[in-house]
K.L.:
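Questions regarding the structure given below will be posed in turn.
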2 protein chains.
Amino acid sequence: MYSTGVDTVERLIESTRELLWERGYTGTSPRAILERAGVGQGSMYHHFDGKADLAQAAIERTTQELRTEVGKLFAGPGPALDRITTYLRRERDVLKGCPIGRLTQDPDVVTNPDLRRPVDETFAWLKALLTAVLTDGQNNGELDASLDPAATASTIIAVMQGGYVLARAGNDPAYFDQAMVGVVALLDRARTDAGRAS
Amino acid sequence: MYSTGVDTVERLIESTRELLWERGYTGTSPRAILERAGVGQGSMYHHFDGKADLAQAAIERTTQELRTEVGKLFAGPGPALDRITTYLRRERDVLKGCPIGRLTQDPDVVTNPDLRRPVDETFAWLKALLTAVLTDGQNNGELDASLDPAATASTIIAVMQGGYVLARAGNDPAYFDQAMVGVVALLDRARTDAGRAS
DNA sequence: GTCTATAGTTGGATAGAC
DNA sequence: GTCTATCCAACTATAGAC
């Protein structure tokens, strides 16, 4: 008599999530996943078709978690730019990089529709969220009406993603922080007098 | 009697440069390099200590080339923001990603000082260059004196690096372009009236 | 549902002939 | 200086016992 397998599946997905973050898709082997999860080969191939299938489950969970966390962060009240600034400064493990964005560097991820889709959809979702926040700011009179919300949202996301790159290149989170300071200062120039007063 | 080996070394470095760009460090095997270069195992291990040593030579050449190209681009005349805008729009093979920035996602690169150093130094060089351009713009009266040149330079580099990430996630260079449009519009708000008139 | 055993391929490097 | 042959470990997956 064996257990139901729920714990095994859970451990496999969590181990895969960790390894994808640490080493990327190409750098993550089934063997390493199994060792970290503490299960045998057979269990993995019983529950999943193989490395790609397991990675898909792991990526989907990671993107789902990110959506939940970021969604909560923006659910609160406050001026648009303040909420965005809080978001930009929220990051802690900068040197670990972005668990989603780092996957885009892996050719085996971007050429596999099942693996790229959740990544793509997450960035699309985030862009829509930031676009809505910026549009709210304009409607509230905090932000200059001439600001292009969608383009600005793209820029904000890109600065974050690029911030990870600079921090890892320099092995210092301060490089990330400086890029955030720069974009926050630029965004601040789009505040209206009313937005500045609050 | 054999050839001098110059061509062999050349082909090895060029093949490695291509593969590092396409597949990253972990995803690039000595075997793949040799096949693409059309040389045997022995040649590689005669001229280089191994994979890491060859990768170092390839990365150093790539960073050197990038410095030369970007240096030329900024050597020309023109207002600071125009030159920066030209730089941001210069990119062609967006979906291939940045041959330098992509290396930061590879743990075997960032933990190896010999491999990380040229990457780090390239970003430091680029930041210094952009900082100087922005400072020039301030001294010329084109740009608002309240702009922080170093932080803004970091942001500009980060937007480019993040632009690659977004484009690859969406498999569409338009995502890169939109992030550039957004940051250019933000930078434009830092122009002085004099800078706008020109 | 889980395990170990096994297999074929590739990764990274060395040995030694020419 | 270059080549082929070879080595051991790891990668990814399958087989089949329990």
Side-chain angles (χ1 to χ4, degrees), chain A residues 1-59 103 105-109 111-112 114-115, chain B residues 1-59 103 105-115:
Chain A
M1 187 64 179
Y2 291 97
S3 66
T4 64
V6 171
D7 285 355
T8 296
V9 168
E10 193 62 22
R11 283 206 301 275
L12 284 169
I13 291 178
E14 287 302 314
S15 298
T16 304
R17 268 158 43 88
E18 292 172 12
L19 284 163
L20 285 179
W21 195 358
E22 293 169 16
R23 305 204 38 83
Y25 181 79
T26 300
T28 295
S29 67
R31 182 183 302 244
I33 294 169
L34 298 172
E35 282 172 6
R36 188 171 295 205
V39 305
Q41 291 270 65
S43 293
M44 170 180 150
Y45 285 101
H46 174 76
H47 294 288
F48 298 95
D49 284 345
K51 177 180 171 177
D53 188 41
L54 178 48
Q56 184 181 348
I59 292 171
L103 297 170
Q105 299 307 316
D106 209 308
D108 295 337
V109 170
T111 58
N112 181 333
D114 291 332
L115 299 182
Chain B
M1 188 64 177
Y2 290 97
S3 66
T4 65
V6 172
D7 285 356
T8 296
V9 169
E10 193 62 21
R11 283 208 298 277
L12 283 169
I13 291 178
E14 287 301 314
S15 298
T16 305
R17 267 157 44 86
E18 291 172 13
L19 284 163
L20 286 179
W21 196 357
E22 295 169 15
R23 306 203 38 82
Y25 181 79
T26 301
T28 295
S29 67
R31 184 179 303 240
I33 293 169
L34 299 172
E35 282 173 6
R36 187 170 295 205
V39 305
Q41 290 269 66
S43 294
M44 170 180 152
Y45 285 102
H46 175 75
H47 293 288
F48 298 95
D49 284 344
K51 176 180 173 179
D53 188 41
L54 177 48
Q56 184 182 349
I59 292 171
L103 297 170
Q105 299 308 317
D106 211 309
D108 295 336
V109 169
V110 293
T111 59
N112 181 334
D114 291 333
L115 300 182

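Chain naming here is simple, since letters A, B, ... match the order of the sequence lines and numbering starts at 1 in each.
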K.L.:
Measure the distance from CZ on Phe48(A) to C1' on dT2(C) and round it to the nearest whole Å.
P.N.:
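Those two atoms, CZ and C1', are 15 Å apart.
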K.L.:
Which distance, rounded to the nearest 0.5 Å, do you find between the CG of Leu54(A) and the CD1 of Ile59(A)?
P.N.:
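Nearest 0.5 Å value for the CG-CD1 distance: 10.0 Å.
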K.L.:
Could you walk me through whether Arg23(B) and Asp108(A) pass the side chain to side chain contact (heavy atoms under 4.5 Å, CB included) check?
P.N.:
CA-CA 9 Å; Arg23(B) 306 203 38 82; Asp108(A) 295 337; 3.6 Å; yes
K.L.:
Does His46(B) place a side-chain N or O at less than 4.0 Å from the phosphate oxygens OP1/OP2 of dT2(D)?
P.N.:
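The answer is no; no side-chain N or O of His46(B) sits under 4.0 Å from OP1 or OP2.
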K.L.:
May I have the list of side-chain donor-acceptor pairs in residues 27-38 of chain A shorter than 3.5 Å, sequence neighbours left out?
P.N.:
from, atom 1, to, atom 2, distance (Å)
Thr28(A), OG1, Leu19(A), O, 3.1
Thr28(A), OG1, Gly24(A), O, 2.6
Ser29(A), OG, Ala32(A), N, 3.1
Arg36(A), NH1, Glu18(A), OE1, 2.9
Arg36(A), NH1, Glu22(A), OE2, 3.0
Arg36(A), NH2, Glu22(A), OE1, 3.1

K.L.:
Return the CE to CG distance between Met44(A) and Asp49(A), rounded to the nearest 0.5 Å.
P.N.:
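Spacing of CE (Met44(A)) from CG (Asp49(A)) equals 9.5 Å.
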K.L.:
Are OP1 or OP2 of dT2(C) and a side-chain N or O of Thr8(A) less than 4.0 angstrom apart?
P.N.:
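So the side chain of Thr8(A) is within the cut-off, an N or O lying under 4.0 Å from OP1 or OP2 of dT2(C).
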K.L.:
Under the salt bridge (charged side-chain N to carboxylate O under 4.0 Å, His left out) rule, what pairs show up with a residue in residues 39-48 of chain B, not counting sequence neighbours?
P.N.:
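Of all non-adjacent pairs touching residues 39-48 of chain B, none passes salt bridge (charged side-chain N to carboxylate O under 4.0 Å, His left out).
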K.L.:
Walk along nucleotides 7-13 of chain C from 5' to 3' and tag each nucleotide B, S or - by protein heavy-atom contact under 4.0 Å, base first, then sugar-phosphate.
P.N.:
----BBB
K.L.:
To the nearest 10°, give me the bend of the helix from dG1(C)-dC18(D) to dC18(C)-dG1(D), comparing the axes of its five terminal pairs at either end.
P.N.:
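Axis-to-axis angle, ends of the helix: 10°.
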K.L.:
Using whole Å, report how far CG of Asp108(A) lies from P of dC11(D).
P.N.:
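Those two atoms, CG and P, are 15 Å apart.
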K.L.:
Any side-chain N or O of His47(B) under 4.0 Å from OP1/OP2 of dT2(D)?
P.N.:
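So the side-chain polar atoms of His47(B) do come within 4.0 Å of the phosphate oxygens OP1 or OP2 of dT2(D), strictly under.
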K.L.:
For Asp53(A), which residues count as a salt bridge (Lys or Arg N to Asp or Glu O under 4.0 Å) partner, sequence neighbours excluded?
P.N.:
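Asp53(A) satisfies salt bridge (Lys or Arg N to Asp or Glu O under 4.0 Å) with no residue once adjacent residues are dropped.
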K.L.:
Taking side chain to side chain contact (heavy atoms under 4.5 Å, CB included) as the definition, give me every residue that meets it alongside Asp114(B), ordered by chain and number, with sequence neighbours left out.
P.N.:
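Only Gln56(B), Asn112(B), Arg117(B) meet the side chain to side chain contact (heavy atoms under 4.5 Å, CB included) criterion with Asp114(B).
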K.L.:
Applying salt bridge (Lys or Arg N to Asp or Glu O under 4.0 Å), can you list everything that pairs with Arg17(A), at least two apart in sequence or on another chain?
P.N.:
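So Arg17(A) forms a salt bridge (Lys or Arg N to Asp or Glu O under 4.0 Å) with Glu14(A), Glu65(A).
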